[in-house]
Amino acid sequence: WDAFGLPAENAARERRVHPAKWTYENIANMRVELQRMGLSLEWEREFATCQPEYYRHQQKLFLDFLKAGLVERKESWVNWDPVDGTVLANEQVIDGKGWRSGAPVEKKQLSQRFLSITKYAQELLDAPDKLDRWPERVRLMQANWIGRSEGARLAFSLDGSDETVEVYTTRPDTLFGMSFLAIAPEHPLAAAVSARDPAAERFVAECCSRGTSEATIETGEKLGYDTGLRVKHPFIPDVTYPVWIANFVLMEYGTGAIFGCPGHDQRDMDFARKYGLDVTPVVLPPGADPATFSLAKEAYVGPGTIFNSGFLDGLEVDAAKRAAIEKLEKLGVGQGIVNWRLRDWGVSRQRYWGCPIPVIHCDACGVVPVPDDQLPVRLPDDVTFDRPGNPLDHHPTWKHVDCPACGKPARRETDTFDTFVDSSWYFARFCSPTAGVPMTKAAVDHWMPVDQYIGGIEHAILHLLYSRFFTRAMKDIGHVSVNEPFAGLFTQGMVNHESYRGADNRWLYPEEVEKRTDGSAAHRETGEPVTVGSVEAMSKSKRNTIDPGAIIARYGADTARWFILSDNPPDRDMEWTESGAAGAFRFTQRVFRLAEALDGVRAEMMPDAFGSAGRTLRRATHRCIAAVTEALEGFAFNVAVARLYELANAITDAERAAPEPGLAWARREAVETLARLGSPMMPHLAEEVYARLFPDNGHLVAELAWPEAEPALLVAESVTIAVQVMGKLRATIEVAPNAPEDIVLAEAMADPNVAKALEGKRVVKRVHVPNRIVNFVVAG
RNA sequence: GCGGGUGUGGCGGAACGGUAGACGCAGCGGACUCAAAAUCCGCCGAAAGCAAUUUCAUGUCGGUUCGAGUCCGACCACCCGCACCA
């Protein structure tokens, strides 16, 4: 149970219930639901991430990471809600305001802990090429997120000072096209300027309050402030350029500063045109005339030859990049580097309901790791949520401890881990869930990697990337032997449903809403009108969720399972509808009746020969084995279900056939197969049917090997061949399997309808695909 | 802006380049019943025809092929991810 996190804390604040109580009650409810569904889970391995028995090992892993140099402490910018006194995730900032308090969100710098995921950037980027059972889409999303780029880092000297400003660029070839240098509002140099320039301070403050919210990005308005500072060009020292603070420069990417080349970067172009800065083209498109080539509003980003650029003139873009980097390195002002979009993973959260970060702050010794023998650092139970901010911070005694190093009074860290940490290694813990260490080597070597991982596409980036990083880090400190945690990945689609709002604008659960025949909707009890919202992913906050318990209560678990699997391919999003549930229930009843009809028919030796109905049924049975097996292996559960319906229909046909030797045996075989192939979907019914057919067997279907098709029965007695004339179907003929071509063609031409279509035409080509199709190509 | 995906009956969806619409849901007609429920049988893309059958049809337009829902190109619509990433 991934059990730590914000929802529990919100429940605590809204309903005055302790997060632990709320969480364990939810777990209890969900456990009952999973058990009622009859899922084959190994409950001996159950645990919840909020149990000290779990998170103590997470704390140990963290300390191992710390020792291995995989943890850093850095200042970082966060979204700060001044009313709630807490840090907000980006998703919790709505239109620049805190989602709960509605207060304008501020940017604030906090000292946070970071896991060094960027040390593994190249490996994390490369390895998915070999994960051939991962969806291509997810591999691409991971690669884009990691975002490798090659370029140069170089230092610009400030005119009249010893200081420099570092920039990162992927286009060192365009350095001669520079017309300004721009820094992010959060850049240290911007702070220095602000200290003596109130107008600059106001500009920076405005940028920070607006942040990089969607509103600013959408309007795309580029805003800048000229600091009055100037920097020297690395290649032409006597020329200087203005230094601007610009809202479109991101502190988090590269160095937080760029050199502006309006001719060959659209953003720089927009900025230059707005503030009247120079635009010098330095890349000449193929075929363009250097004397007349100019740029108006569109930057040129294509290939070409460098000009207006001193020693780079005449080189192609790629060669110029190399030459520029070489020169920068020779001058000692820069070098070629690989840059990553991926940033280190900030794991500190100023929250109560999470795993405590096991370090202690001592005025004398600095940051001291909690010694292993003092783990776990337990969350205190006696906390209150009557004040904004982190309850751990307000707790009267919890954070006061003695320094493990010097023994003097010190403070516990009150931050907890991002809950993504909890889910980044649980799969390894499952291998040895009760071990006194995070995981035992023998167990993880036996089980890992996970053969088949299943999850929603919403986890395509963060959860999977973090787990991949954790696995590599755990390998480096000797816990596991594998590099990648998940050998196969299947991403299931989301289940969507309409959402409903009542008269008071509160969200309503679907079961509270009654649909009227005229299409309108009303509250089931009060009769008040209900606004029907869009069909969207089920979420607790919008209450558009369905409790499978209702179907289980009405029809039973097998019907619920059968129905859920029967309609949609599982990788596709679907809209939940119960319209097929009754049909699924009918089918479960029908399967039972098919078995009941065999009561009194004893299991005898397999007959030597079968009549035609028996042979037909046996072929259907064995074709079904092959088809269902293939469908299940490909996660096409809906197709597997369809094949089982076909088998049921074939059994019904056989029931109506005239009695013949061996037919009863064939029916028993078919019903047994139906139960066994259906057992993953409807296990309880399968066991009941099987026990009825073989009361003395003493085995469960679940214990039996998967059925295997007899190859001889997969070959049809006769095949239907489609006959086309010029690609249009004119008839179908029945022939023996693998019939000789001349016989097939003769029979095809003998068909009256085919003959009619061929009348008066000359056949110029005969296409024959054995057992499938004949096509006559005619002329005239 | 960049990247990816999807588009097939009234609905959910099947379909190694080879009979488009398997299977289910809904619907219509019938049997059984005093009646209902349950069950069973039949029909069920569109148009024409008494019928055999014919024509059209997998978002649009084109191409490759004996043959295209499937492969290729362009476009349209919707969905998802990332996004002033230098």
Side-chain angles (χ1 to χ4, degrees), chain A residues 135-145 147-149 151-152 167-171 174 182 184 212 214 216-222 246-250 252-261 264-268 270-271 339-343 457-458 460-461 493-494 537 562-563 566-569 571-575 577-584 586-587 589-590 593 627 631 636 638-649 652 656 720-733 752-753 756-757 764-769 771-778:
Chain A
E136 185 57 25
R137 172 158 79 129
V138 175
R139 292 193 265 178
L140 270 167
M141 283 165 82
Q142 297 250 317
N144 289 340
W145 187 264
R148 182 183 200 272
S149 73
V167 307
Y168 170 71
T169 179
T170 55
R171 296 298 301 273
T174 63
T212 48
E214 293 117 70
T216 326
I217 292 168
E218 260 169 40
T219 61
E221 195 188 1
K222 295 185 172 45
N247 68 339
F248 69 94
V249 180
L250 304 175
E252 307 85 32
Y253 186 77
T255 61
I258 61 162
F259 86 85
C261 175
H264 306 286
D265 182 289
Q266 192 56 48
R267 290 156 308 174
D268 297 350
D270 296 344
F271 192 75
N339 193 57
W340 304 92
R341 184 188 171 283
L342 181 68
R343 291 168 227 153
I457 189 67
E458 70 273 20
I461 298 178
M494 305 260 229
W562 183 257
F563 163 62
S566 66
D567 256 15
N568 293 75
D571 52 342
R572 213 178 280 187
D573 287 353
M574 62 170 284
E575 184 184 352
T577 157
E578 274 179 44
S579 67
R586 277 200 297 271
F587 183 70
Q589 304 302 301
R590 188 173 159 211
R593 280 197 306 275
N638 55 327
V639 178
V641 163
R643 297 294 166 249
L644 289 169
Y645 271 109
E646 284 175 342
L647 180 56
N649 292 343
T652 300
R656 290 188 190 133
T720 310
I721 290 188
V723 183
Q724 299 179 339
V725 177
M726 293 298 281
K728 277 194 196 300
L729 181 73
R730 294 299 166 190
T732 58
I733 54 173
N753 214 35
K756 200 175 96 190
V764 295
K765 189 172 178 184
R766 297 169 174 81
V767 179
H768 173 230
V769 181
N771 302 327
R772 286 213 169 262
I773 204 159
V774 167
N775 188 16
F776 296 106
V777 184
V778 296

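Chain letters run A, B, ... following the sequence lines, proteins first and then strands; every chain starts at 1.
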Worksheet item: When all nucleic acid strands are considered with a 4.0 Å heavy-atom cut-off, which category describes A/Asn649: base, sugar-phosphate, or nothing?
Response: sugar-phosphate

Check: What is the nucleic acid contact for A/Gly147, judged by heavy atoms within less than 4.0 Å: base, sugar-phosphate only, or nothing?
Finding: nothing

Between A/Ala584 and A/Asp268, the residue closer to the 5' end of RNA chain B by nearest nucleotide is A/Ala584

Separation of B/C84 atom C1' from A/Arg341 atom CZ, nearest Å, is 13 Å

Collect all protein-nucleotide pairs involving nucleotides 43-50 of chain B in which both atoms are nitrogen or oxygen and the distance is under 3.5 Å.
none

How is A/Gln724 classified with respect to the nucleic acid when contacts are heavy atoms under 4.0 Å: base, sugar-phosphate, or nothing? base

Across every strand shown, the nucleotide meeting Watson-Crick or G-U wobble geometry with B/G1 (both distances under 3.5 Å) is B/C82

Margin query: Categorize A/Arg730 for me: base, sugar-phosphate, or nothing, with a 4.0 angstrom heavy-atom threshold over every strand shown.
Written below: sugar-phosphate

Q. So does A/Arg137 have more than 12 non-hydrogen atoms from other groups sitting under 6.0 Å from CZ?
A. no

- Expressed as a whole number of Å, how far does the C1' atom of B/G9 sit from that of B/A26? 12 Å

A/Phe248 has its side chain closest, among B/C84, B/U19, B/A22, to B/C84

Picking from B/A86, B/G81, B/G18, the nucleotide nearest the side-chain atoms of A/Tyr253 would be B/A86

Closest of B/A86, B/C16, B/A22 to the A/Ala642 side chain is B/A22

| query | Looking across every strand, which nucleic acid part, if any, lies under 4.0 Å from A/Ser566 by heavy atom: base, sugar-phosphate, or nothing? | reply | nothing

Q) Below 4.0 angstrom from OP1 or OP2 of B/A86, is there any side-chain N or O of A/Asn339? A) no

Q. Can a side chain N or O of A/Tyr168 be found less than 4.0 Å away from OP1 or OP2 on B/A86?
A. no

Between CG of A/Leu644 and P of B/G13 the distance, given in whole Å, is 20 Å

Partner of B/A77 under the Watson-Crick or G-U wobble criteria, both distances under 3.5 Å, comes out as B/U6

Margin query: Students often get this wrong, so: under 4.0 angstrom with heavy atoms, is A/Asn568 touching a base, only sugar-phosphate, or nothing?
Written below: sugar-phosphate

| message | Considering every strand and a 4.0 Å limit on heavy-atom distances, what is the contact class for A/Val641: base, sugar-phosphate, or nothing? | response | nothing

Discussion item. Taking atom types as they are modelled, would you say the side chain of A/Lys765 forms a donor-acceptor pair with the base of B/C66 within the 3.5 Å cutoff?
Written reply: no

Using a heavy-atom cut-off of 4.0 Å across all strands, would you classify A/Thr577 as base, sugar-phosphate, or nothing?
nothing

Checking B/C25, B/U19, B/G13 against the side chain of A/Thr720 (C-beta onward), the nearest is B/U19

In whole angstroms, the gap separating P of B/G5 from CZ of A/Arg137 amounts to 9 Å

In Watson-Crick or G-U wobble terms, with both distances under 3.5 Å, the base opposite B/A57 is none

Checking A/Val723 against A/Arg730 for the side chain to side chain contact (heavy atoms under 4.5 Å, CB included) test, could you report, in this order, the C-alpha distance in whole Å, the side-chain angles of both residues, the deciding distance, and whether it holds? CA-CA 6 Å; A/Val723 183; A/Arg730 294 299 166 190; 5.5 Å; no

Between CD1 of A/Ile773 and P of B/A15 the distance, given in whole Å, is 18 Å

Separation of B/A86 atom C1' from A/Trp340 atom CH2, nearest Å, is 17 Å

**Prompt:** Expressed as a whole number of Å, how far does the P atom of B/A74 sit from that of B/G4?
**Reply:** 13 Å

Rounded C1' spacing from B/U33 to B/C40 in Å = 13 Å

Whole-angstrom distance between B/G10 and B/C44, as gauged at atom P: 15 Å

Ranking B/C84, B/A83, B/G3 by distance to the side chain of A/Leu140, first place goes to B/G3

Work out how far the C1' atom of B/U6 is from that of B/U58, and round it to whole angstrom. 13 Å

Atom C1', compared across B/G12 and B/C50: separation rounded to whole Å | 37 Å

Ranking B/G13, B/U55, B/A86 by distance to the side chain of A/Arg572, first place goes to B/G13

Q. Are any side-chain N or O atoms of A/Gln724 and backbone N or O atoms of A/Phe776, one a donor and one an acceptor, separated by less than 3.5 Å?
A. no

Between A/Tyr645 and A/Ser566: side-chain donor-acceptor atoms closer than 3.5 Å: no

ask   = Is the backbone of A/Lys222 close enough, under 3.5 Å, to the side chain of A/Asn247 for a donor and an acceptor to pair up by distance?
value = no

- prompt: Expressed as a whole number of Å, how far does the P atom of B/C66 sit from that of B/A47?
  reply: 35 Å

- prompt: Hey, does the side chain of A/Asn753 come within less than 4.0 Å of B/U54's phosphate (OP1/OP2), counting only N and O?
  reply: yes

In whole angstroms, the gap separating C1' of B/G13 from CZ of A/Arg643 amounts to 12 Å

In whole angstroms, the gap separating C1' of B/G24 from CD of A/Glu578 amounts to 16 Å

Pairing partner of B/G27, by Watson-Crick or G-U wobble and under 3.5 Å for both distances, is B/C43

Regarding the side chain of A/Lys728, the nearest nucleotide among B/C84, B/G13, B/C56 is B/C56

(request) Tell me what A/Ile721 touches on the nucleic acid: a base, only sugar-phosphate, or nothing, going by heavy atoms under 4.0 Å. (result) nothing

Using a cut-off of under 3.5 Å, enumerate the N/O to N/O pairs linking the protein to nucleotides 37-40 of chain B.
residue, atom, partner, partner atom, Å
B/C40, O3', A/Arg656, NH2, 2.6

Between A/Arg772 and A/Phe776, whichever has its closest RNA chain B nucleotide further toward 5' is A/Arg772

- Message: When you measure from the side-chain N and O atoms of A/Arg267 to the phosphate of B/C85, is any distance below 4.0 Å, counting only OP1 and OP2?
- Response: yes

From CG of A/Asp573 across to C1' of B/G12 the rounded distance in Å is 14 Å

Glycosidic torsion of B/G9 (syn if within 90° of 0, anti otherwise) classifies it as syn

Looking only at B/A83, B/G13, B/A86, the nucleotide nearest the A/Trp145 side chain is B/A83

Exercise for the section: Answer with yes or no whether the side chains of A/Arg590 and A/Asn649 bring together a donor and an acceptor at under 3.5 Å. Expected result: yes

Check against side chain to side chain contact (heavy atoms under 4.5 Å, CB included), A/Phe248 and A/Ile258: CA-CA 10 Å; A/Phe248 69 94; A/Ile258 61 162; 3.9 Å; yes

Euclidean distance for P, B/C84 against B/G69 (whole angstrom):
43 Å

Among the nucleotides B/C85, B/A14, B/C66, whichever has the atom closest to the side chain of A/Arg343 is B/C85

Closest to the side chain of A/Lys756, out of B/C85, B/U53, B/C82, is B/U53

field: Worked check of side chain to side chain contact (heavy atoms under 4.5 Å, CB included) between A/Arg586 and A/Gln589
entry: CA-CA 5 Å; A/Arg586 277 200 297 271; A/Gln589 304 302 301; 5.7 Å; no

